[in-house]
*Asks:* 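Take this structure first; my questions come after.
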Amino acid sequence: LAPPGLQGRSLPAALDRLCHTTTERTGLPVRFELSAPADGDGSRPVLPTPTEVALLRIAQSALANVTAHAAATRAAVTLTVMDSAVALDIVDDGRGFEPDAVAPPNPIQNAGRTGTGGFGLAAMRSRVAELGGTLSVESAPGQGAALAVTFPLPQQDSPPDPPPAATPGPERSSVPRAVPEPGVRP
C-alpha cells in the first residue's frame, strides 16, 4: 500500500505538494526542484515503489524537523533521478546542529511526551539501510543543515529476469511508477 501522498500521483508531484502544504501550514518557503533527464524516447526513469515510499517519508520527516527545530527562513527539496540512482536533498538555512550530538531515541525517557525528538534521523537511517541506500547529514551550529539520501536503481537496460515458477498465494504488484516530465502535474 502506498501512503496517501503517493496514491494517484507520482513521487515528484507528491514532493511538490508536500513543499506547498508545508509552506501554507508553517509560512516557511519550501522550494521543490526535479532533475530527471528524459531518455532518448522522452520517457523518464522508473522508480521502484518501495524507493518512492521511502523518499516521501524521509522528506516528510526532514521537513517536520526543519519546521520544528531549525528556525529556518527557507528550505529546498531536490529530487534527482539518474540512470543508476535517485537522490533526495533537503537543505535549510536554519540554526544548524551537530549531527553527531543528536542523541539516539529513548522510548522510556520520552514515553508520554511530545516534541522530544530523536526518532526522525533514526527512522530515516533505518529506511535508507533497508533499501541499500546512503544517508548523510551535514550541519553545524549557525550553518543550516543539508540531508542527502541516495538509492541505487535497478538497471533499465538489462534483459528482464525469467518469470518465477507459479506458486499459490496472493499476487503482489511491484510495478514501479514513471517519473513525469518537470512541470507536468498529474
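For this chain, numbers begin at 1 and follow the sequence in order.
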*Asks:* Distance from Ile58 atom CD1 to Leu63 atom CG, nearest 0.5 Å?
*Replies:*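 Ile58 CD1 to Leu63 CG: 12.0 Å, rounded to 0.5 Å.
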
*Asks:* Any pair with a residue in residues 127-137 that passes salt bridge (charged side-chain N to carboxylate O under 4.0 Å, His left out), sequence neighbours left out, goes on the list, sorted by first then second residue, please.
*Replies:*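 For residues 127-137, and leaving out neighbouring residues, there are no salt bridge (charged side-chain N to carboxylate O under 4.0 Å, His left out) pairs at all.
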
*Asks:* Roughly how far apart are Phe32 CZ and His20 NE2, rounded to 0.5 Å?
*Replies:*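 Phe32 atom CZ to His20 atom NE2 measures 10.5 Å (nearest 0.5 Å).
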
*Asks:* Can Val91 be reached from Val86 by stepping across I, L, V, M, F, W or Y side chains whose heavy atoms are under 4.5 Å apart?
*Replies:*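 Hydrophobic grouping puts Val86 apart from Val91.
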
*Asks:* Are Leu55 and Leu79 close enough, and set up right, to give a side chain to side chain contact (heavy atoms under 4.5 Å, CB included), and what steps lead you there?
*Replies:* CA-CA 9 Å; Leu55 289 170; Leu79 179 68; 4.2 Å; yes

*Asks:* Could you report the tightest heavy-atom contact between Thr51 and Phe151, atom names first, then the distance?
*Replies:*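 So the minimum-distance heavy-atom pair works out to CG2-CD1, 3.7 Å.
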
*Asks:* For Thr80, check side chain to side chain contact (heavy atoms under 4.5 Å, CB included) against everything at least two apart and list the hits.
*Replies:*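 Thr80 satisfies side chain to side chain contact (heavy atoms under 4.5 Å, CB included) with Ser35, Thr78, Met82, Ala87 only.
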
*Asks:* Using distance only, find each side-chain donor-acceptor pair of residues 132-149 under 3.5 Å and give its atom names and separation, not counting sequence neighbours.
*Replies:*
{"unit_1": "Ser139", "atom_1": "OG", "unit_2": "Phe97", "atom_2": "N", "d": "2.9"}
{"unit_1": "Ser139", "atom_1": "OG", "unit_2": "Phe97", "atom_2": "O", "d": "3.1"}
{"unit_1": "Ser139", "atom_1": "OG", "unit_2": "Gly144", "atom_2": "O", "d": "2.6"}

*Asks:* What verdict does the side chain to side chain contact (heavy atoms under 4.5 Å, CB included) test give for Leu153 and Val81, after you've listed the backbone C-alpha separation in whole Å, the side-chain angles of each residue and the deciding distance to 0.1 Å?
*Replies:* CA-CA 9 Å; Leu153 292 178; Val81 183; 4.3 Å; yes

*Asks:* Sequence neighbours left out, what passes side chain to side chain donor-acceptor pair (under 3.5 Å) with Thr73? Give chain and number order.
*Replies:*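 Testing Thr73 for side chain to side chain donor-acceptor pair (under 3.5 Å), a comparison that skips the adjacent residues, returns Asp93.
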
*Asks:* For Pro50, what residues pass the side chain to side chain contact (heavy atoms under 4.5 Å, CB included) criterion, not counting sequence neighbours?
*Replies:*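 Here the qualifying residues are Pro48, Leu131.
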
*Asks:* Of all heavy-atom pairs between Gly120 and Asn65, which one has the smallest distance, and what is that distance?
*Replies:*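 That would be CA-ND2, 4.4 Å.
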
*Asks:* Once rounded to the nearest 0.5 Å, what's the spacing between atom CG of Leu121 and atom CZ of Arg125?
*Replies:*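 Taking CG in Leu121 and CZ in Arg125, the distance rounds to 5.0 Å.
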
*Asks:* Partners of Thr67 by side chain to side chain contact (heavy atoms under 4.5 Å, CB included), sequence neighbours excluded?
*Replies:*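 Result, side chain to side chain contact (heavy atoms under 4.5 Å, CB included) vs Thr67: Thr22, Thr26, Leu28.
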
*Asks:* Quick one, Leu15 and Leu88 - any side-chain contact, counting heavy atoms below 4.5 Å?
*Replies:*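 Sidechains of Leu88 and Leu15: in contact.
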
*Asks:* Run the salt bridge (Lys or Arg N to Asp or Glu O under 4.0 Å) test against Arg31 and tell me which residues pass, sequence neighbours left out.
*Replies:*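 Testing Arg31 for salt bridge (Lys or Arg N to Asp or Glu O under 4.0 Å), a comparison that skips the adjacent residues, returns Glu33.
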
